[in-house]
Protein chains: 2
Amino acid sequence: MATRPTMKDVAAEAGVGVMTVSRVVNGDPGVAPATAARVEEAVRKLGYHRDDVARQLRRTNQLSQTIGLMVDHVADPFMAAIASAAEDVARQHGSVVLIGSSRDDLRREREVVAAFTARRVDGMVLTPVVGSHRFLRSTIEQGTKVVCVDRAAPGLDVDAVVVDNFDAVRDAVQRLVANGHRRIGYLGDRQEIWTVGERHRGYLAALEAAGIDADPALVRHGLRSGPEAATAVTELLSAPEPPTALLAGNVVVAIGALAVLPPDIAFIGFDDFALAARMTPPVTVIAQDPVAIGTTAAHLLFARIHGDTSPPRTVVMPTTLIPRGSGEIPGPYAQGS
Amino acid sequence: MATRPTMKDVAAEAGVGVMTVSRVVNGDPGVAPATAARVEEAVRKLGYHRDDVARQLRRTNQLSQTIGLMVDHVADPFMAAIASAAEDVARQHGSVVLIGSSRDDLRREREVVAAFTARRVDGMVLTPVVGSHRFLRSTIEQGTKVVCVDRAAPGLDVDAVVVDNFDAVRDAVQRLVANGHRRIGYLGDRQEIWTVGERHRGYLAALEAAGIDADPALVRHGLRSGPEAATAVTELLSAPEPPTALLAGNVVVAIGALAVLPPDIAFIGFDDFALAARMTPPVTVIAQDPVAIGTTAAHLLFARIHGDTSPPRTVVMPTTLIPRGSGEIPGPYAQGS
DNA sequence: GTGAAAGCGCTAACAA
DNA sequence: TTGTTAGCGCTTTCAC
């Protein structure tokens, strides 16, 4: 196996000094065309590729042109869309993206962040898990920029891009109430996750506004997978006083629930998904725009990297309720006709 | 903004030499506990984080503990699952993952690969786009390991993980024929993509085996999005002699097609998707296992990185036809009953 | 227009 | 057990 050629090798091959090679490789001006051609020929012949690792070491106050992206789970379609959008923006800035998943585990998050920091990323986009983020303090103080996405990180004074989880769920539940439902079930992921807590609060607020007593028997927290959600739905519906409507707090839970949901139960899910419109009945959802969210977060990050020192701000992106049918199934207290 | 402390700063703070700091930071043996404690205290106080960029430069024959993953499009659920699996394996090997999307553009692929190479990744997992991959030659010769996933790269003698696209589609089409269909439509992405070509060949082989003349009017290539697929379906079905069955070559095309497909047309899609079983009728698919594919590719890559020099091999992962109903709708030539 | 010397932050090799 | 020296591949600086 051939060894990796260095600038020295190229310089020797072309019969010039390393500085000339450096200039040619970086497209710097001030090299005679004939010399440049000789260098380029040597580069091709030896298969030389510049070592950005060494380069970054010397250019000490320069950027590494690398950002980190830590999400909950890359395979989650919502997170994958954010990742894709962030990568597109990074590309526009000539940067590459290091990716990592926390799987909602703080220890794992710390490891991923440490790996990013050790590689001297210019900044990172994080979906923070529940817990303390003090370990990020020194990294941020030393100049690494951080933007949170999807979830805020309490106690971390950085930019964040989130949606109006509370309002969106409150409005959706109010819609179910207006359609004649009073026994409305809630299916959610681990309540400690910031978005999940916000959505649950929205659910409770809507019930309270409607003068409905919240029944703990209608609420299921901590659903981590489709099958768990399906089981929860089956249990809720076989109770003595079953719900007539359900709200699913995220897309994993929604898809799991839909696998076993009878068509006469009203249903609204958080997050849109492919073919929601082709289900029977078509599924009403609260849609976020993950591409816009990821793009916004990445733009904020690069603004910071390029010197924006304004106070941190939280951008709240809108959600849209898409009525398709399942959320409009009337309940036992429906008015009229 | 505080400047980033170096080992020298820590050494000064702790009143020791830099080598002692290096030993403590890396957990090397041979440091007196009391000294180590002083160093650790200084590390904490200064918020020191080891610079892996400088580290990698010196440890020249060592690994960068970084791999690259270049897929078609991270937002594609199939690719996202592969990425997630690869990240899990990388994590087990103490490595992080650089991600990039080619968007099926060879120029973009080259840029991504160049960015990976410049950062001295130990290896990369690629979903090669159509075109020549000679530009990878020198990188591979210099020791960067490459594994192809999902698609083979003709002319590149490296490991690959693929599925039996040809057989899977041939068998699926034979199934449609057995169910009484003779006018079977094919909906595919750009035919130059290796998987797409294989699947189309499988389609043609099944027709030929059944003695059915392939009708070009029933074939649509180059479908790049759901809406394009939907339009193609509408056009095919409004032709004078419309197909009675359709085969969709990938999940994007399948989902687009299903948005407009009448329930009496038989349908088989390539790739499984959430809620396929809840459609009306439930959707028959040829399922791949992206997690197994991504895991296998990553394992192959790390085996190479850790010194495996056996001849390159292509691993063919199985697919499974999941009959759910849409593929079992009888055609006009159905036997019996 | 070109090159030689120094040094980025770290670790290998050796010395004490 | 600890420290010193050299050098990884590159760029900065300055001299020619």
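Residue numbers start from 1 in every chain, and the chains themselves are labelled A, B, ... in the order their sequence lines are given, proteins ahead of strands.
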Would you kindly give the [atom1]-to-[atom2] distance between [X] and [N], to the nearest whole Å?
{"X": "Gln62(B)", "N": "dT11(C)", "atom1": "CD", "atom2": "P", "result": "11 Å"}
{"X": "Gln56(B)", "N": "dT11(C)", "atom1": "CD", "atom2": "C1'", "result": "13 Å"}
{"X": "Gln142(A)", "N": "dG9(C)", "atom1": "CD", "atom2": "C1'", "result": "14 Å"}
{"X": "Met19(B)", "N": "dG9(C)", "atom1": "CE", "atom2": "P", "result": "17 Å"}
{"X": "Arg38(A)", "N": "dG1(C)", "atom1": "CZ", "atom2": "P", "result": "15 Å"}

Worksheet item: Below 4.0 angstrom, N of the basic side chain to O of the carboxylate: do Arg313(A) and Asp157(A) qualify?
Response: no
Worksheet item: Is the shortest side-chain N to carboxylate O distance from Glu141(B) to Arg137(B) below 4.0 Å?
Response: no
Worksheet entry | Side-chain heavy-atom pair Val158(B), Ile140(B) within 4.5 angstrom cut-off | yes
Worksheet item: Under 4.0 Å: is that the gap between some side-chain N or O of Thr20(A) and OP1 or OP2 of dG3(C)?
Response: yes
Worksheet item: Checking Arg38(A) side chain against Ala14(A) main chain: does a donor-acceptor pair fall under 3.5 Å?
Response: yes
Practice prompt. Pick base, sugar-phosphate or nothing for Val16(A), based on heavy-atom distances below 4.0 Å to the nucleic acid.
Written response: sugar-phosphate
Worksheet item: Parallel under 30°, tilted from 30 to 60°, perpendicular over 60°: which one fits the rings of His93(B) and Phe302(B)?
Response: parallel
Identify each atom pair where a protein N or O and an N or O of nucleotides 6-10 of chain D are less than 3.5 Å apart, giving names and distance.
from, atom 1, to, atom 2, distance (Å)
dG7(D), N2, Arg58(B), NE, 2.4
dG7(D), N3, Arg58(B), NE, 3.0
dC8(D), O2, Arg58(B), N, 3.2
dG9(D), N2, Ala54(A), O, 3.4
dC10(D), OP1, Tyr48(A), OH, 2.3
dC10(D), OP1, Asp51(A), N, 3.3
dC10(D), OP2, Met7(A), N, 2.6

Fill in: Thr35(B), nearest nucleotide to its side chain (from dT2(D), dT2(C), dG3(D))
dT2(D)
Worksheet item: Side chains of Thr127(A) and Asp150(A): do they bring a donor and an acceptor to under 3.5 Å?
Response: no
